[in-house]
S.K.: 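Take a look at the following structure, please.
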Amino acid sequence: MNKNNLLIVWTNGDKEVATKFPLLYGSVILERGYWEIAHLMLWGPSIKLAAFDPLIREKLKEIQDTGVTMSACIVCVEDYDAIKELEELNIQIVHTGELLTTSLKSDEWAVMTI
């Protein structure tokens with residue numbers, strides 16, 4: 001059994017944590033062939049950073065340019081009043097629990113939570 005796909009669940013609202021791990025790793029994982037498919041899921045306080053921090057917004061665009069797809073928890077996005085900002089970033093706003101559950105049960109997906 002080989003897990004070829006990675007789901008990164010990013011929940012932390014700390015900017016230094018964001019830039020030094022999920023965004024740094026996320027920016028190179030497809031280009032270097034570490035994974036076939038990669039998806040960054042924003043949940044909780046990470047949504048505030050993505051929506052309102054210019055540096056984080058730029059890094060997310062760069063990561064998307066490498067082919068990493070992204071989604072965000074609709075409940076959290078609404079709580080942070082960040083729908084417009086995430087739509088501008090082309091981040092899919094969904095009920096993320098379904099993708100997380102499917103990935104956790106899958107033999108094809110590795111799941112990392114930050």
S.K.: Do Trp10 and Val17 come within less than 4.5 Å of each other through their side chains, counting heavy atoms only?
M.R.: no

S.K.: Going by heavy atoms in the side chains, are Val75 and Val77 under 4.5 Å from each other?
M.R.: no

S.K.: Do any N or O atoms from the side chain of Asn2 and from the backbone of Asn4 form a donor-acceptor pair under 3.5 angstrom?
M.R.: no

S.K.: Nearest 0.5 Å please: distance from the CG atom of Asp14 over to the NZ atom of Lys20.
M.R.: 11.5 Å

S.K.: Tell me whether Thr102 contacts the main-chain N or O of Glu98 through its side chain, where contact means a donor paired with an acceptor under 3.5 Å.
M.R.: yes

S.K.: The test is side-chain contact (heavy atoms from CB on, under 4.5 Å); show your working for Ile91 and Leu40 and say whether it passes.
M.R.: CA-CA 9 Å; Ile91 295 175; Leu40 179 63; over 6 Å; no

S.K.: Step by step, would you call Val9 with Leu7 a side-chain contact (heavy atoms from CB on, under 4.5 Å)?
M.R.: CA-CA 6 Å; Val9 182; Leu7 172 63; 4.0 Å; yes

S.K.: Nearest 0.5 angstrom please: Leu42 CG to Thr11 OG1, how far?
M.R.: 10.0 Å

S.K.: Would you say that Asn12 contacts Phe21 through its side chain, given a criterion of any heavy-atom pair below 4.5 Å between the two side chains?
M.R.: no

S.K.: How close do Ile47 and Ala82 get, heavy atom to heavy atom, and via which atoms?
M.R.: CG2-CB, 4.2 Å

S.K.: So if you build clusters from Ile, Leu, Val, Met, Phe, Trp, Tyr with side-chain heavy-atom gaps below 4.5 Å, do Ile29 and Val111 land together?
M.R.: no

S.K.: For the pair Arg57 and Glu85, find out whether any cationic side-chain nitrogen is under 4.0 Å from an anionic carboxylate oxygen.
M.R.: no

S.K.: Measuring from atom CD of Glu58 to atom CD1 of Ile63, what distance do you get when rounded to the nearest 0.5 angstrom?
M.R.: 10.5 Å

S.K.: Might you confirm whether atom CG of Asp65 has over 12 heavy atoms from other residues, nucleotides or ligands at distances under 6.0 Å?
M.R.: yes

S.K.: Residues in salt bridge (charged side-chain N to carboxylate O under 4.0 Å, His left out) with Lys105, at least two apart?
M.R.: none

S.K.: So, for Val94 and Ser71, which heavy atoms are closest and what is the spacing to 0.1 Å?
M.R.: CG2-CB, 4.0 Å

S.K.: When you look at Thr101 and Leu104, which way does the side-chain contact (heavy atoms from CB on, under 4.5 Å) test go after all the steps?
M.R.: CA-CA 5 Å; Thr101 301; Leu104 286 168; 5.6 Å; no

S.K.: Please tell me whether Leu60 and Ile93 are part of a single hydrophobic cluster in this structure, the criterion being side-chain heavy atoms less than 4.5 Å apart.
M.R.: yes

S.K.: Would you indicate whether the side-chain heavy atoms of Ile37 and Leu6 approach each other to under 4.5 Å?
M.R.: no

S.K.: With Leu24, which residues qualify under side-chain contact (heavy atoms from CB on, under 4.5 Å), at least two apart?
M.R.: none

S.K.: Looking at side-chain heavy atoms only, is the closest gap between Thr19 and Ile56 below 4.5 Å?
M.R.: yes

S.K.: Between Glu108 and Ser106, which heavy-atom pair has the shortest distance, and what is it?
M.R.: N-OG, 2.8 Å

S.K.: Can you tell me how far SG of Cys73 sits from CG of Leu100, rounded to the nearest 0.5 angstrom?
M.R.: 10.5 Å

S.K.: Before giving the answer on side-chain contact (heavy atoms from CB on, under 4.5 Å), spell out for Tyr25 and Met112 the whole-Å C-alpha distance, their side-chain angles and the decisive distance to 0.1 Å.
M.R.: CA-CA 12 Å; Tyr25 184 61; Met112 176 187 332; 3.8 Å; yes

S.K.: Compare all side-chain heavy atoms of Val28 with those of Tyr34 and state whether any distance is below 4.5 angstrom.
M.R.: yes

S.K.: Do the non-hydrogen side-chain atoms of Lys15 and Leu49 ever get within less than 4.5 Å of each other?
M.R.: yes

S.K.: Honestly curious: do Met70 and Leu55 fall in one hydrophobic cluster under the side-chain, below-4.5 Å linking rule?
M.R.: no

S.K.: Write down the atom of Ile8, the atom of Pro22, and the distance for their closest heavy-atom approach.
M.R.: CG2-CB, 4.3 Å

S.K.: Could you tell me which non-hydrogen atom of Ala50 sits nearest to which non-hydrogen atom of Leu86, and how far apart they are?
M.R.: CB-CD2, 3.9 Å

S.K.: The criterion is side chain to side chain donor-acceptor pair (under 3.5 Å); which residues satisfy it with Thr69, sequence neighbours excluded?
M.R.: His39

S.K.: Using every non-hydrogen atom in the two residues, find where Trp43 and Cys76 come nearest and quote the distance to one decimal.
M.R.: CD1-SG, 3.5 Å

S.K.: Hey, could you give me the CG/CD distance between Asn90 and Gln64, rounded to the nearest 0.5 Å?
M.R.: 6.0 Å

S.K.: Between CE of Met41 and CG of Leu99, what distance do you get to the nearest 0.5 Å?
M.R.: 4.0 Å

